[in-house]
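One structure is given here, and the rest of the page talks about it.
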2 protein chains.
Amino acid sequence: MQDALIRKLESYEALSKQDHEALRVLVPKIRQVGPRTDLISEGEPPENVHLILEGFACRYKILPSGQRQIMAFLVPGDFCDLNVFILDQMDHCIGTISACQVADIPRRAIDEITANHPHITRAFWWCALVDEAVLREWLVNVGGRQANQRIAHLLCELLLRLQAVGYASDNTYPFPFKQADIADCMGLSEVHVNRTIRELRALGLITLKQRHLTIHNVEELKAFSGFTANYLHLKNARWSERRSVPWLVRAQGS
Amino acid sequence: MQDALIRKLESYEALSKQDHEALRVLVPKIRQVGPRTDLISEGEPPENVHLILEGFACRYKILPSGQRQIMAFLVPGDFCDLNVFILDQMDHCIGTISACQVADIPRRAIDEITANHPHITRAFWWCALVDEAVLREWLVNVGGRQANQRIAHLLCELLLRLQAVGYASDNTYPFPFKQADIADCMGLSEVHVNRTIRELRALGLITLKQRHLTIHNVEELKAFSGFTANYLHLKNARWSERRSVPWLVRAQGS
DNA sequence: CGCAAGGTTGACGCTGCTCAAATTTGGTGG
DNA sequence: CCACCAAATTTGAGCAGCGTCAACCTTGCG
């Protein structure tokens, strides 16, 4: 159930049996949330910390024009608002994409963990920093790449993030997003997303059926989109990359 | 000198005399850095924490295409990499725009502060969260608004951020950015930035001369760009806004 | 005074948006 | 199992925002 979280944290930091136990206690009860439902809205004071155990959610804002801008996709193992609780009020909304299992963690439980479990604390920090790095990369994506590379980049990122929590196999992963969701996060129109996905399919890069996405040749899709995984800061993945992508070694050596 | 930082922190959290003293000791020596100079590059392991005392800098990445994407502007009082030091290596570069005064703060000094000064620690957290909120808003900006609103929004944000650290008066602030800098952060071409700034000037919204920007009517520019300051989480500013923008009260009350 | 960097302008084309309609998919009740 | 409906996807046509290329002008500095 909350394997996703533990799996993710362990890809950042080695955890003890005690740490595991503390994490299990952290989730007292699990809540089922339907698809397309808000977990928390802009303007509300943040109270509990939300953790996605199952399903997909997103961070978003509604512009004065009515346009929705999605700023992050949240997958199993992701905290929605690990840190926001320090602030006075939410400056954005969080809503589900698919049906989700969500844990509402009281702030006190987080405090308790950070007081007594330094490894978990460090892993939590790591999570927060990676979330921010992903956000930066999205800005790079939307600001600097054109539609086809942009969407391809997103698909690569989702693959790696879902692999890290065990939700992808054979380069295939669940894909509950509507094309309108992709449009609203990539700053594109729905119609153009449709044409672009069509293009990626026609190029033989991906297949999308029964709400599951398959990437036929990951390296090819990465090359197509200019994807570099360094911003995800995955400890496991990094080693294999060092072996397979020689120029990264140079960059790291300098 | 480091008034900017103290000023900023105090807009988030009340600090004691002891806190002030601790912050002064935090900056052992100040370094002068020329314009257009990198403070730290992608791939390097982060060591010291950099604090901008004077001048403007930016976070950026270079895409495979050679395109530069700026992800944040750093103004006096901003930390460049308060948290990044937990991660293994930088996933982006930080470079100056204008000449800067920079403090290199050893990681240990930060640890010491956070161990002994809870109010400062809380204010540091607040800084980090606001930085992330700004990043989210930039994504909204680039993804959801068109060129003229996008640039106008940036100008509003810079005004408020610089006012908060005492670098703006009479709605005028230093503007050392080249049009190419604006282009690279807003995901636009240099030529289109030029035309858009021209448009804002023609509309009588701004004046730009001698590297200083003046906003003639702040409320008008905010309305033009769809700017809402809530994401900056400025404690001082919030109250005045509650008075002047009735619908915010409703949103907060719900 | 002269040069280089940055700002400005024009012409033209492409990427991606809008509007609108057709088709497919998935869920529901008979 | 089929008919039906709403939601989502797909397709087409026309157009606008913004990019590209290239030249010219202005500003600041040595």
Side-chain angles (χ1 to χ4, degrees), chain A residues 34-37 56 63 65-70 96-99 141-154 174-203 206-213 224-225, chain B residues 34-37 56 63 65-70 96-99 141-154 174-203 206-213 224-225:
Chain A
R36 313 280 155 188
T37 307
F56 291 75
L63 297 194
S65 65
Q67 154 111 231
R68 176 182 65 156
Q69 178 67 42
I70 293 178
T96 59
I97 299 280
S98 65
N141 209 17
V142 172
R145 282 186 262 257
Q146 39 186 26
N148 48 10
Q149 298 179 11
R150 213 183 281 183
I151 292 181
H153 190 281
L154 174 68
F175 199 84
F177 307 102
K178 291 191 298 185
Q179 294 185 348
D181 296 327
I182 308 299
D184 288 347
C185 75
M186 297 282 100
L188 297 167
S189 72
E190 204 175 326
V191 172
H192 203 249
V193 167
N194 184 290
R195 295 194 164 105
T196 305
I197 289 182
R198 201 179 194 325
E199 182 194 340
L200 296 180
R201 261 199 312 243
L203 289 171
I206 61 168
T207 298
L208 188 48
K209 69 177 159 193
Q210 288 169 326
R211 307 269 146 202
H212 280 259
L213 182 98
F224 179 86
S225 62
Chain B
R36 312 282 155 189
T37 307
F56 292 74
L63 297 193
S65 64
Q67 154 111 232
R68 175 182 66 156
Q69 178 66 43
I70 293 178
T96 59
I97 299 279
S98 64
N141 209 18
V142 172
R145 281 186 262 257
Q146 39 185 27
N148 47 9
Q149 297 179 12
R150 212 182 282 183
I151 292 180
H153 191 281
L154 173 68
F175 199 85
F177 308 103
K178 292 190 297 185
Q179 294 186 347
D181 296 326
I182 308 300
D184 288 347
C185 76
M186 297 282 99
L188 296 167
S189 71
E190 203 175 326
V191 172
H192 201 68
V193 167
N194 184 291
R195 295 193 164 107
T196 305
I197 290 182
R198 201 177 195 327
E199 182 194 342
L200 296 179
R201 261 199 312 242
L203 288 171
I206 61 169
T207 299
L208 188 49
K209 69 178 161 193
Q210 289 169 324
R211 306 269 147 202
H212 281 258
L213 183 98
F224 179 86
S225 62

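Here is how names work: the chains are called A, B, and so on, in the same order as the sequence lines, proteins then strands, and each is numbered from 1.
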Mind calculating the distance between [atom1] ([X]) and [atom2] ([N]) to the nearest angstrom?
{"X": "B:Lys178", "N": "C:dG7", "atom1": "NZ", "atom2": "C1'", "answer": "12 Å"}
{"X": "A:Ile182", "N": "D:dA8", "atom1": "CD1", "atom2": "P", "answer": "14 Å"}
{"X": "A:Phe175", "N": "D:dA8", "atom1": "CZ", "atom2": "P", "answer": "14 Å"}
{"X": "B:Leu208", "N": "C:dG7", "atom1": "CG", "atom2": "P", "answer": "9 Å"}
{"X": "A:Met186", "N": "C:dC17", "atom1": "CE", "atom2": "P", "answer": "13 Å"}
{"X": "A:Gln149", "N": "C:dT15", "atom1": "CD", "atom2": "P", "answer": "12 Å"}
{"X": "A:Lys209", "N": "D:dT9", "atom1": "NZ", "atom2": "P", "answer": "17 Å"}

*Under 4.0 Å between a side-chain N or O of A:Asn194 and OP1 or OP2 of D:dT10?*
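For D:dT10, OP1/OP2 do have a side-chain N/O of A:Asn194 under 4.0 Å.
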_Please confirm whether the shortest side-chain N or O distance from B:Gln179 to OP1 or OP2 of C:dT8 is below 4.0 Å._
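Yes, within the criterion.
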Which atoms form the tightest heavy-atom contact between [X] and [Y], and what is the distance?
{"X": "A:Gln149", "Y": "A:Asn141", "value": "O-OD1, 4.4 Å"}
{"X": "A:Leu200", "Y": "A:Phe224", "value": "CD2-CE2, 3.7 Å"}
{"X": "A:Glu199", "Y": "A:Asn148", "value": "OE2-ND2, 3.2 Å"}

*By salt bridge (Lys or Arg N to Asp or Glu O under 4.0 Å) - contacts of A:Arg145 (at least two apart)*: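 Scan of A:Arg145 (salt bridge (Lys or Arg N to Asp or Glu O under 4.0 Å), adjacent residues dropped) gives A:Glu137.
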*Using a 3.5 Å limit on both pairing distances, list the dot-bracket string of DNA chain C from the 5' end; Watson-Crick and G-U wobble pairs count, crossing pairs take [ ], interstrand pairs take |.*
||||||||||||||||||||||||||||||
*Roughly how far, to the nearest 0.5 Å, is CG of B:Asp181 from CD of B:Glu190?*
9.0 Å
_Return the OG1 to NE2 distance between A:Thr207 and A:His212, rounded to the nearest 0.5 Å._
13.5 Å
*Base, sugar-phosphate, or nothing for A:Arg201, non-hydrogen atoms under 4.0 angstrom?*
sugar-phosphate
*May I ask you to say what B:Arg36 touches in the nucleic acid, namely base, sugar-phosphate or nothing, with a heavy-atom cut-off under 4.0 Å?*
nothing
_Test side chain to side chain contact (heavy atoms under 4.5 Å, CB included) applied to B:Phe175 and B:Ile182, step by step_ = CA-CA 11 Å; B:Phe175 199 85; B:Ile182 308 300; 3.8 Å; yes
*Give a yes or no answer on whether the side chain of A:Thr196 reaches the backbone of A:Asn194 with a donor-acceptor pair at less than 3.5 Å.*
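It does not hold such a pair.
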*Under 4.0 Å protein heavy-atom contact, by nucleotide of nucleotides 17-24 of chain D - B base, S sugar-phosphate only*: -BSBB---
_Lys/Arg N to Asp/Glu carboxylate O, B:Lys178 vs B:Asp184, below 4.0 Å_ =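 No, no charged N to carboxylate O under 4.0 Å.
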